Amino acid sequence: MSKVLIIGAGGVGTVVAHKVAQNADVFTGIMLASRTKSKCDAIAADVERRTGVKIQTAQVDADNVPELVALMRSFQPKIVINVALPYQDLHIMDACLEAGVNYLDTANYEPLEEAHFEYSWQWAYHDRFKEAGLCAILGCGFDPGCTAIYTAYAAKHHFDEMHYLDIVDCNAGDHHKAFATNFNPEINIREITQRGKYWQDGRWVDIDPMSIHQPLTYPEIGPKESYLLYHEELESLVKNYPTIKRARFWMTFGQEYLTHLRVIQNIGMARIDPIEYNGQQIVPIQFLKAVLPAPETLGSNYTGYTSIGCRIRGVKDGQEKTYHIYNNCSHKAAYDETGTQGVSYTTGVPAMTGAYMFLTGQWGGHGVFNVEEFNPDPFLKKVAESGLPWHEIHNGDLEL
């Protein structure tokens, strides 16, 4: 039906490439582009070996808008799936506007010089995309992404009012490395070391990083210590569902990971400002990223599961109700299918699914949209068929 351009050749880009190839009746032309073309070529070769589908590849600097525009005009995709770095979101959106291409990403914009992310920069593009007759879909990974769509599904089918929302993210896997991050190390460390916050009674409550934590029980996994962080989907969900009184995001971390993280911070390797070394400027966290294991290399020896979902309290037909909707994903199954680990898989499958929704006319509109603004039903049907089945617990103990 339409061509798709995937920008980014890390673990998530790998999954997206495999998944669009599995839906070649809709994605009738596929191009994978990144700064390093050899990475794209290796992924394309593996996709062809597994699926028989050929993927074109290209080199592009996602910080260079003229380069992006030239590539888009040459290939003429219907939609761009942006799985590059969050710093590059606005460059890619600018290029889409200039080239007349629709847009989808998995994480909101974050300025390079500040560990701070919010949707305001991308929401500001709404009128420009609307006037251009284009659609921009924001945050279509798992969290953000499926977590927001789970919330939309709960609002549509199970609640008259949602009052308390807790998004819970557990990685109970073991990659058998002393220290490694499951997605881009630079983004991961920036995200969890910034100040946390949550929504309470119409305002944001700021907290010290990792200062609030408690054990939560995850289905088929058991209890895991979970830490309150800020995550971007909270911003759009409290805007789009104003009955929510409190919204929080929780993520699990092992003690060994936290110990390494404290050392990294204490010795200055988490710094995002440049320093001078041997006559050149380097950013410590970017150097750290270069020496840590790449997330896409972790899959071959990764065991265990992820468990991510939404725990919601509210009212239906005048009665209080609790609802838990979640997915558990096997790292081994993800690797067997795509050669990557479960965290990349759980982000890449929804990205493909969102683009599929758009190209098949089940999602659409002109402007900039968060995923919860679309119909959740066809997405959840397709994402389950594509490897991320979801489960429900009605009126269970949410522990929160």
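Starting from 1, each residue takes its place in the sequence as its number. Please read these numbers as outputs of a predicted model, since none were measured by experiment. Worth knowing before you read on, the calculation uses all heavy atoms, side chains too, and leaves out hydrogens, waters and symmetry mates.
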Short side-chain donor-acceptor distance under 3.5 Å, [Y] and [X]:
X: Trp123; Y: Asn370; value: yes
X: Asn328; Y: Ser307; value: yes
X: Thr151; Y: Glu372; value: no
X: Tyr125; Y: Asp94; value: yes
X: Tyr150; Y: Asp143; value: no
X: Asp166; Y: Tyr164; value: no

Taking Lys130 first and then Asp127, would you say they form a salt bridge - that is, a charged N and a carboxylate O separated by under 4.0 Å?
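So Lys130 does not pair with Asp127 through a salt bridge.
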With the threshold set at 4.0 Å, does a side-chain nitrogen-carboxylate oxygen contact exist between Lys245 and Asp201?
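Judged by the 4.0 Å cut-off on N to carboxylate O distance, Lys245 and Asp201 do not form a salt bridge.
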Shortest non-hydrogen contact between His231 and Glu233, atoms and distance:
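Heavy atoms only, the tightest pair is ND1-OE1, 2.7 Å.
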If you count heavy atoms of other groups shown closer than 6.0 angstrom to [atom1] of [X], is the number above 12?
X: Phe253; atom1: CZ; value: yes
X: Lys78; atom1: NZ; value: no
X: Lys197; atom1: NZ; value: yes
X: Gln281; atom1: CD; value: yes

Step-by-step salt bridge (charged side-chain N to carboxylate O under 4.0 Å, His left out) determination, Lys19 to Glu337
CA-CA 10 Å; Lys19 286 298 181 178; Glu337 182 185 349; 2.5 Å; yes
Among [options], the one residue meeting side-chain contact (heavy atoms from CB on, under 4.5 Å) with [X]:
X: Ile7; options: Val16, Asp105, Leu32, Val80; answer: Val80
X: His91; options: Asp61, Asn64, Asp63; answer: Asp63
X: Leu138; options: Asp89, Val368, Asn108, Asn82; answer: Val368

Only one of Trp363, Phe358, Tyr153 forms a ring pair (Phe, Tyr, Trp, His ring centres under 6.0 Å) with Phe374, so which one is it?
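Exactly one pass, corresponding to Trp363.
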Enumerate, atom names and distances included, each donor-acceptor pair closer than 3.5 Å involving a side-chain atom of residues 380-400, sequence neighbours excluded.
{"from": "Lys381", "atom 1": "NZ", "to": "Glu385", "atom 2": "OE2", "distance (Å)": "2.8"}
{"from": "Lys382", "atom 1": "NZ", "to": "Asn23", "atom 2": "OD1", "distance (Å)": "2.7"}
{"from": "Ser386", "atom 1": "OG", "to": "Lys382", "atom 2": "O", "distance (Å)": "2.8"}
{"from": "Trp390", "atom 1": "NE1", "to": "Leu380", "atom 2": "O", "distance (Å)": "3.0"}
{"from": "Glu392", "atom 1": "OE2", "to": "His158", "atom 2": "NE2", "distance (Å)": "3.1"}
{"from": "Glu392", "atom 1": "OE2", "to": "Tyr323", "atom 2": "OH", "distance (Å)": "2.6"}
{"from": "His394", "atom 1": "ND1", "to": "Lys321", "atom 2": "NZ", "distance (Å)": "3.2"}
{"from": "Asn395", "atom 1": "OD1", "to": "Thr322", "atom 2": "N", "distance (Å)": "3.1"}
{"from": "Asp397", "atom 1": "OD1", "to": "Glu399", "atom 2": "N", "distance (Å)": "2.9"}
{"from": "Glu399", "atom 1": "OE1", "to": "Thr217", "atom 2": "N", "distance (Å)": "2.7"}
{"from": "Glu399", "atom 1": "OE1", "to": "Arg311", "atom 2": "NH1", "distance (Å)": "3.2"}
{"from": "Glu399", "atom 1": "OE2", "to": "Thr217", "atom 2": "N", "distance (Å)": "3.4"}
{"from": "Glu399", "atom 1": "OE2", "to": "Thr217", "atom 2": "OG1", "distance (Å)": "2.9"}

Under the salt bridge (charged side-chain N to carboxylate O under 4.0 Å, His left out) rule, collect the residues that match up with Asp317, sequence neighbours excluded.
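For Asp317, no residue satisfies salt bridge (charged side-chain N to carboxylate O under 4.0 Å, His left out) once neighbours in sequence are set aside.
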